[in-house]
Amino acid sequence: MKVLMINGSPRQKGNTNVALTEIARTLESDGIESEIVWIGNKPVRGCIACGKCRELSGACAFNDDICNVIGAKFSEADALIVGSPVYYGQPNGALLAA
C-alpha cells in the first residue's frame, strides 16, 4: 500500500510538514509506504478547457506546474492525505488550485 501526502503549506518545513512527517512515521511503522509532495508556493495554472488532457492520457498540456507530477503520483497511490494551514477559513490557495 502507498499513501500520497500533499503539503499545501507555503512553508516547506513548517508545522504542516511536521504533522505529515509524523503521519508518515506512523504509516511506516505499520509497513505502509508514503511520500510527501510539497506544492506550497509552486505555480499551479487554472484549467483553460483546451481539452488536451484527453489527448495526453489525462496529463495537462501545461507542463510547467506541479499538477502533472501530482497526477502521476496519485495514480500510483492507494490513499491520499492533504495537509494545509488554514488562512481566513480556507486552505492555501495553491492547494485549492491543484
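Remember, it's a predicted structure, so these values are computed and weren't measured experimentally.
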Point-to-point distance, once rounded to the nearest 0.5 Å, from [atom1] of [X] to [atom2] of [Y]:
{"X": "Leu4", "Y": "Ile81", "atom1": "CG", "atom2": "CD1", "value": "9.0 Å"}
{"X": "Lys2", "Y": "Leu27", "atom1": "NZ", "atom2": "CG", "value": "12.5 Å"}
{"X": "Glu55", "Y": "Cys50", "atom1": "CD", "atom2": "SG", "value": "8.0 Å"}
{"X": "Tyr87", "Y": "Ser9", "atom1": "OH", "atom2": "OG", "value": "5.0 Å"}

Testing the basics here: between [X] and [Y], what is the closest heavy-atom pair and its distance to 0.1 Å?
{"X": "Ala61", "Y": "Leu56", "result": "CA-CD1, 3.9 Å"}
{"X": "Ile23", "Y": "Met5", "result": "CG2-SD, 3.9 Å"}
{"X": "Ile48", "Y": "Phe62", "result": "CD1-CZ, 3.6 Å"}
{"X": "Lys73", "Y": "Val37", "result": "CD-CG2, 3.6 Å"}
{"X": "Asn68", "Y": "Cys60", "result": "OD1-N, 2.7 Å"}

- request: Show the numbers, then the answer: is there a side chain to side chain contact (heavy atoms under 4.5 Å, CB included) between Asn17 and Trp38?
  value: CA-CA 9 Å; Asn17 186 65; Trp38 177 61; over 6 Å; no
- prompt: Between Arg25 and Glu28, is there a salt bridge with N-O shorter than 4.0 Å?
  reply: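 Answer for the salt bridge query: no.
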message: Quick check: is Leu20 connected to Leu80 through a chain of hydrophobic side chains (ILVMFWY, heavy atoms under 4.5 Å apart)?
response: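 No; Leu20 is not reachable from Leu80 via cluster members.
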message: Would a single hydrophobic cluster contain both Ile36 and Ile32, if residues Ile, Leu, Val, Met, Phe, Trp and Tyr are joined by side-chain heavy-atom contacts under 4.5 Å?
response: yes
- prompt: Given the rule in the side chain to side chain contact (heavy atoms under 4.5 Å, CB included) test, do Ile6 and Ile39 qualify, once you have shown the distances and angles that lead to the verdict?
  reply: CA-CA 7 Å; Ile6 298 175; Ile39 66 166; 4.1 Å; yes
query: Is it true that a side-chain atom of Ser57 and a backbone atom of Cys53 form a donor plus acceptor pair closer than 3.5 Å?
result: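 Side chain of Ser57 to backbone of Cys53: no pair is present.
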task: Check step by step if side chain to side chain contact (heavy atoms under 4.5 Å, CB included) holds for Asn7 and Val82.
output: CA-CA 6 Å; Asn7 180 353; Val82 179; over 6 Å; no
